[in-house]
Amino acid sequence: MNAPDYRLITRPEELASCLEALWTAPHIGLDTETTGLDPHTSRPRLLQLATPNSTYLIDLFHFPTEALAPVLELLASPHSVKIAHNAKFDAKFLLKHLGVRLEGVFDTYLASQLASAGSEIDRHSLELVTQRYLNIQLDKTAQLSDWSGELAAYQLEYAARDASILMPLRETLQARLEEMDLMVVARLEFDCVMSIARMELAGVYLDVDLWRAQVDRVRVTHRAVADALQQELGRGALQMTLFDESPQVNLDSPQQVRDALARIGIDVEGTSEWRLNKLANEYPVIQDLLDYRTLSKSLSSYGEGVLDFINQDTQRIHADFRQIGTPTGRITCSSPSLQQMPHAVEYRSCFRAPAGRKLIVADFSQIEMRILADFSRDRRLIEAFKSGADLHRATASQMLGVPLDGVTALQREKAKGLNYGIVYGMGAEGLANRIGSSLTEAEILIQRYFAAYPEVDRWLREAADRAVNEGRCRTASGRLWIFQLDPFDRQQAAQLRRVGKNAPIQGTGSDIFKRAMTLVDEALGKYDASVVNSIHDEIVVECEAGIARTTLQLVSKAMVDAGREFLSRVPVVVDAVVSDAWLKK
DNA sequence: TAGAATCGCCAC
DNA sequence: AAACGTGGCGATTCTA
């Protein structure tokens, strides 16, 4: 493609004329070139702003931040739409180095993901999206060039083209989103970008000494259990020659473990957890193996390795959050995955508030069950939430026809298993495994459950039917998932029915959560407080200790407001605490 | 031998 | 052999 018309801006007096053009443009293509990928250790070099007529390349190395004030005013104004591809990246550099919150985002990366409607095949780099929607091949070879020195013509042309291509790309993508009825969810996603950029930039604090101590404790236990296991498994081994050590089983190899178990007379078809769980009571060696696995997992995934993610500049962990991480719209997290830290207090307590600060840990109470109640309009389930009673107790009471205070602990546990399983499309067998009952008992429990909540039964059946008949589903915001499963294949049809029940609920949970992230971030704007982690239905905020109570109130209110935008038939409840660590005290 | 595939397990 | 949905990720095993 032809290089766009561009102007390199290096002097303050040149800014004035380009600003005039920029303020009259309703849509502005925005891109930055930086000296590296990490906003804490790298600097933004170029800010590219594209209008239909011309693209302005502002050489940031030539401007002190004060001189950029008129440009920053434009970026912070909702007056124009700022089109960016993966705006989170640019937003972090602009916030960190120029102190400006990007306003009016249209993100072509997120737009492309939404238009793919859950396809796992489509990729969404600028190069591929441009090819897919404009049939234009971009040359990205300059992307990783050195942006810290004198800029060559080819670099400037590349920088200008990346920004200017965003203009036609937005037009095409917006038309596509409108066709597909996806503009409401697109707005929800675009509004959320800044909150995630701020969260990543803030990072989360991890107490290194506490973490090391925890890892050391696990290592000692791990070693002891491994030794015991080798003893137990070794009993079946043939005696080796005098010079050989007795053969060690690789305890991390399911294959070798299975063979070793066979030698001591325990035949298993596989060594996955659910199989071993069934045998754990019968054979102590199996219980040891399960313990060993848990400890191994802890050491490998939650060991010293996590400390490598601490940024040397900030001494905090800045994980990577993917805003649309799953087809249901959930955010996912990697490097490291802060969403999968073990729930055990020993681990969670290492994520602390630094001196003089506090954490606010806030999560939606039973959000998916509330969504199910709202969608199905089930009178009794709605009533259970309105009464404010414990949901699992209320469910057991409804199922068994006993008063609330007559529900035993065991009955409550079974009702809990049902409440959690039902939104995943669980069957009788799955429930039996989960609550440790017989298949017959599980079947009866499910019957009673649906007798207690008949509209839930009906809604779930209809949702499953819709998934099979239409091959797609939508969430409350209109987020679309087109299933890639074949309804004429027995297994895939069964999976389709399960996903069809779960996806609208899980996806609406994502909608509510993202709205909450946006509102929380906006509410905290003028305080010394910032979101530092988000886990599907939970938001962790770090703030100055003196404003902890205020912050808790702001966070709770923002989350409840977000829920109420989507749910009108059930109350929305947020549980929140002020804490020194990542614990729901 | 590097990268893909698989197993297994952590979270919500 | 599967089972209850969505992921990330480490270790082992397979494969080009």
Side-chain angles (χ1 to χ4, degrees), chain A residues 118 120 249-258 269-278 289-306 309 319-322 324-344 347-348 363-369 371-372 417-435 439 442 446 460 463-464 467 473 475 479 481 483 485 490-492 494-510 513 533-540 582 584:
Chain A
E120 314 266 51
V249 176
N250 182 347
L251 298 171
D252 299 319
S253 164
Q255 217 163 276
Q256 292 186 36
V257 167
R258 191 180 159 182
E269 287 174 46
T271 65
S272 57
E273 195 189 13
W274 69 271
R275 285 181 202 276
L276 297 185
N277 272 333
K278 290 181 172 175
L289 181 57
L290 286 166
D291 293 344
Y292 172 82
R293 289 248 180 98
T294 304
L295 294 161
S296 292
K297 175 70 178 173
S298 299
L299 284 181
S300 60
S301 296
Y302 316 110
E304 294 274 349
V306 171
F309 289 105
D320 182 22
F321 289 86
R322 282 187 57 200
I324 302 179
T326 78
T328 57
R330 274 192 178 180
I331 300 168
T332 59
C333 178
S334 59
S335 309
S337 176
L338 298 175
Q339 294 178 331
Q340 296 164 255
M341 286 300 157
H343 202 265
Y347 287 97
R348 293 287 171 109
D363 70 329
F364 284 107
S365 161
Q366 301 289 355
I367 192 67
E368 293 194 343
M369 284 304 291
I371 293 166
L372 180 58
L418 272 158
N419 278 328
Y420 278 118
I422 223 75
V423 289
Y424 296 148
M426 186 172 62
E429 206 162 336
L431 178 66
N433 271 331
R434 192 193 172 91
I435 63 172
L439 192 59
I446 289 178
L460 288 170
C473 76
T475 67
R479 186 188 308 278
W481 184 359
F483 303 120
L485 291 164
R490 263 184 74 90
Q491 299 231 335
Q492 291 189 44
Q495 200 188 341
L496 194 52
R497 294 188 68 83
R498 289 195 297 271
V499 179
K501 295 173 192 172
N502 175 258
I505 297 171
Q506 188 184 118
T508 300
S510 307
F513 188 75
N533 200 358
S534 80
I535 316 97
H536 308 312
D537 66 351
E538 175 184 356
I539 293 178
V540 183
W582 184 14
K584 294 166 191 165

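Just so it is clear: chains get the letters A, B, ... in the order the sequence lines come, proteins before strands, and each one is counted from 1. Excluded from the calculations below are hydrogen atoms, water molecules and symmetry mates; all remaining heavy atoms, backbone and side chain alike, are included.
When side chains are defined from C-beta on, A:L460 counts as touching A:I422, because their heavy atoms get closer than 4.5 Å. Side-chain atoms of A:T475 and A:W481, non-hydrogen and from C-beta on, never get closer than 4.5 Å to each other.
If you measure from atom CZ of A:F364 to atom P of B:dC12, you get 16 Å, rounded to the nearest angstrom. Between the CG atom of A:L299 and the P atom of B:dC9 there is a distance of 15 Å, rounded to whole Å. At whole-Å resolution of the value, CG in A:L295 and C1' in C:dG10 are 15 Å apart. Distance CG (A:N502) to C1' (C:dG7): 12 Å, rounded to an integer number of Å. Distance NZ (A:K584) to P (B:dC12): 6 Å, rounded to an integer number of Å. The distance between atom OH of A:Y302 and atom C1' of B:dC10, rounded to the nearest whole Å, is 3 Å. Distance OH (A:Y420) to P (C:dC4): 18 Å, rounded to an integer number of Å. Rounded to a whole Å, the CD atom of A:Q491 is 12 Å from the P atom of C:dC4.
Note on A:S298: nothing from the nucleic acid sits closer than 4.0 angstrom, heavy atoms only. Among the heavy atoms of the strands lying under 4.0 Å from A:G427 are primed sugar atoms or P, OP1, OP2 only; no base atom is included. Across all strands, A:R348 comes closer than 4.0 Å only to sugar-phosphate atoms, never to a base (heavy-atom distances). Within the 4.0 angstrom heavy-atom criterion, base atoms lie near A:Q506. A:T294 comes within 4.0 angstrom of sugar-phosphate atoms only, judged by non-hydrogen atoms across all strands, and of no base. A:G425 comes within contact range of the sugar-phosphate backbone alone, with a heavy-atom separation under 4.0 Å but no base atom that close.
Between A:L439 atom CG and A:E429 atom CD the span is 6.0 Å, to the nearest 0.5 Å. Note that the OG1 atom of A:T328 and the CD atom of A:Q506 stand 3.5 Å from one another [nearest 0.5 Å]. Interatomic distance, CG of A:L372 versus CD1 of A:I505, reported as 4.5 Å (0.5 Å rounding).
When distances are taken from the side chain of A:T326 to each of B:dC12, C:dT6, B:dA11, the shortest belongs to C:dT6. With C:dG5, C:dA11, B:dA11 as the candidates, the nucleotide lying closest to the side chain of A:H343 is B:dA11. Checking C:dG5, C:dC9, B:dC12 against every side-chain atom of A:D537, the shortest atom distance belongs to B:dC12.
Of the side-chain N and O atoms in A:R293, one or more sit less than 4.0 angstrom from OP1 or OP2 of B:dC9. Distances shown here put a side-chain N or O of A:T332 below 4.0 Å from the OP1 or OP2 atom of C:dG8.
Remark: the backbone N or O of A:Q340 is paired with a side-chain donor or acceptor of A:Y302 at under 3.5 angstrom. Using a distance-only test at 3.5 Å, with no hydrogens or angles considered, no donor-acceptor pair links the side chain of A:D320 to the main chain of A:S335.
B:dT6 sits 22 Å from C:dC4 when the P atoms are compared, rounded to a whole Å.
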Taking N or O atoms only and anything under 3.5 Å, show me the protein contacts with nucleotides 12-14 of chain C, one pair per line.
{"residue": "C:dT12", "atom": "OP1", "partner": "A:N250", "partner atom": "ND2", "Å": "3.4"}
{"residue": "C:dT13", "atom": "OP1", "partner": "A:S253", "partner atom": "OG", "Å": "2.3"}

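Taking 4.0 Å as the cut-off between side-chain N and carboxylate O, A:K501 and A:E368 do not count as a salt-bridged pair.
Map A:M426 and A:S301 each onto its nearest nucleotide of DNA chain C; the residue landing nearer the 5' end is A:M426.
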